[in-house]
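None of these values were measured; they are calculated from a predicted model.
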Amino acid sequence: MPGTLLTAAEIEALLGAHPGWELDGDGLRRAFSFADFNAAFGFMTQVALISETLFHHPEWSNVYNSVQIRITDHDAGGVSTNDREWIERVDRIVG
């Protein structure tokens, strides 16, 4: 189910509350770095479970200890309440 699109002010507040995330066109992106591949893959596994729970899935890639993530609500046409909830949950993993 599509979320409600966030306003520019809401996106700015979201980015302020979640350092490391930045606006990337109609989505948000962040790079994560871990000690090694196992830690990066463990993080991705946790994110996959969150994504399935919310039925909201990222565009992502992994190279050894780094994970690049981009999230957008394709159904809503941009950054939405779904993205905000997803980012809040993902950021709890990394602290």
Side-chain angles (χ1 to χ4, degrees):
M1 175 171 182
T4 302
L5 286 176
L6 299 182
T7 66
E10 289 172 323
I11 293 171
E12 187 176 323
L14 177 62
L15 294 175
H18 296 275
W21 288 94
E22 57 187 41
L23 191 59
D24 180 31
D26 66 348
L28 302 171
R29 69 181 162 108
R30 181 174 175 187
F32 295 87
S33 184
F34 299 92
D36 55 27
F37 177 77
N38 285 335
F41 194 83
F43 168 75
M44 292 178 74
T45 301
Q46 291 177 72
V47 171
L49 294 173
I50 289 169
S51 299
E52 280 296 294
T53 298
L54 296 176
F55 198 69
H56 192 54
H57 303 88
E59 302 163 8
W60 59 359
S61 65
N62 162 245
V63 176
Y64 184 61
N65 70 330
S66 67
V67 178
Q68 306 286 325
I69 297 181
R70 184 173 186 281
I71 191 78
T72 188
D73 191 329
H74 295 287
D75 292 331
V79 180
S80 79
T81 52
N82 289 339
D83 300 306
R84 180 173 51 207
E85 183 174 358
W86 188 91
I87 285 172
E88 288 169 352
R89 291 188 187 197
V90 168
D91 276 1
R92 281 188 217 129
I93 297 170
V94 293

**Prompt:** So, His56 and Asp83: side-chain donor and acceptor under 3.5 Å apart, yes or no?
**Reply:** yes
**Message:** Give me the atom names and distance for the closest heavy-atom approach of Ile69 to Val67.
**Reply:** CG1-CG1, 3.8 Å
**Prompt:** What heavy-atom pair brings Pro58 and Ser51 nearest, and what distance separates the two atoms?
**Reply:** CD-OG, 3.4 Å
**Message:** Test side chain to side chain contact (heavy atoms under 4.5 Å, CB included) on Phe55 and Asn82; report intermediate values, then the result.
**Reply:** CA-CA 9 Å; Phe55 198 69; Asn82 289 339; over 6 Å; no
Donor-acceptor pair, side chain of [X] and main chain of [Y], under 3.5 angstrom:
{"X": "Asn62", "Y": "Tyr64", "answer": "yes"}
{"X": "Asn65", "Y": "Ser33", "answer": "no"}
{"X": "Thr81", "Y": "Thr4", "answer": "yes"}

**Prompt:** Is any side-chain heavy atom of Asp26 closer than 4.5 Å to a side-chain heavy atom of Val79?
**Reply:** no
**Message:** Counting C-beta onward and ignoring hydrogens, is there a side-chain heavy-atom pair between Ile50 and Ile93 closer than 4.5 Å?
**Reply:** yes
**Request:** Please check if Val94 and Ile87 belong to a single hydrophobic cluster, counting links between Ile, Leu, Val, Met, Phe, Trp and Tyr side chain heavy atoms closer than 4.5 Å.
**Result:** yes
**Item:** Co-membership, hydrophobic cluster, residues Leu54 and Val47, 4.5 Å side-chain
**Value:** yes
Partners of [X] by salt bridge (Lys or Arg N to Asp or Glu O under 4.0 Å), sequence neighbours excluded?
{"X": "Glu85", "result": "Arg89"}
{"X": "Glu59", "result": "Arg70"}
{"X": "Glu22", "result": "Arg29"}
{"X": "Asp75", "result": "none"}

Return all side-chain donor-acceptor pairs below 3.5 angstrom for residues 11-21, not counting sequence neighbours, or 'none' if the list is empty.
unit_1, atom_1, unit_2, atom_2, d
His18, ND1, Asp91, OD2, 2.8
Trp21, NE1, Asp91, OD1, 3.0
Trp21, NE1, Asp91, OD2, 3.2

**Nearest-0.5 Å distance that lies between atom OG in Ser80 and atom NE2 in His74** = 11.0 Å
**Asked** What is the distance from atom CH2 of Trp86 to atom CG of Leu28, rounded to the nearest 0.5 Å?
**Response** 9.5 Å
**Pair listing, salt bridge (Lys or Arg N to Asp or Glu O under 4.0 Å) test, anchored in residues 31-40, at least two apart** = none
**Item:** Criterion ring-ring contact (aromatic ring centres under 6.0 Å, His included) against Phe32, the qualifying member of Phe41, Phe43, Trp60
**Value:** Phe43
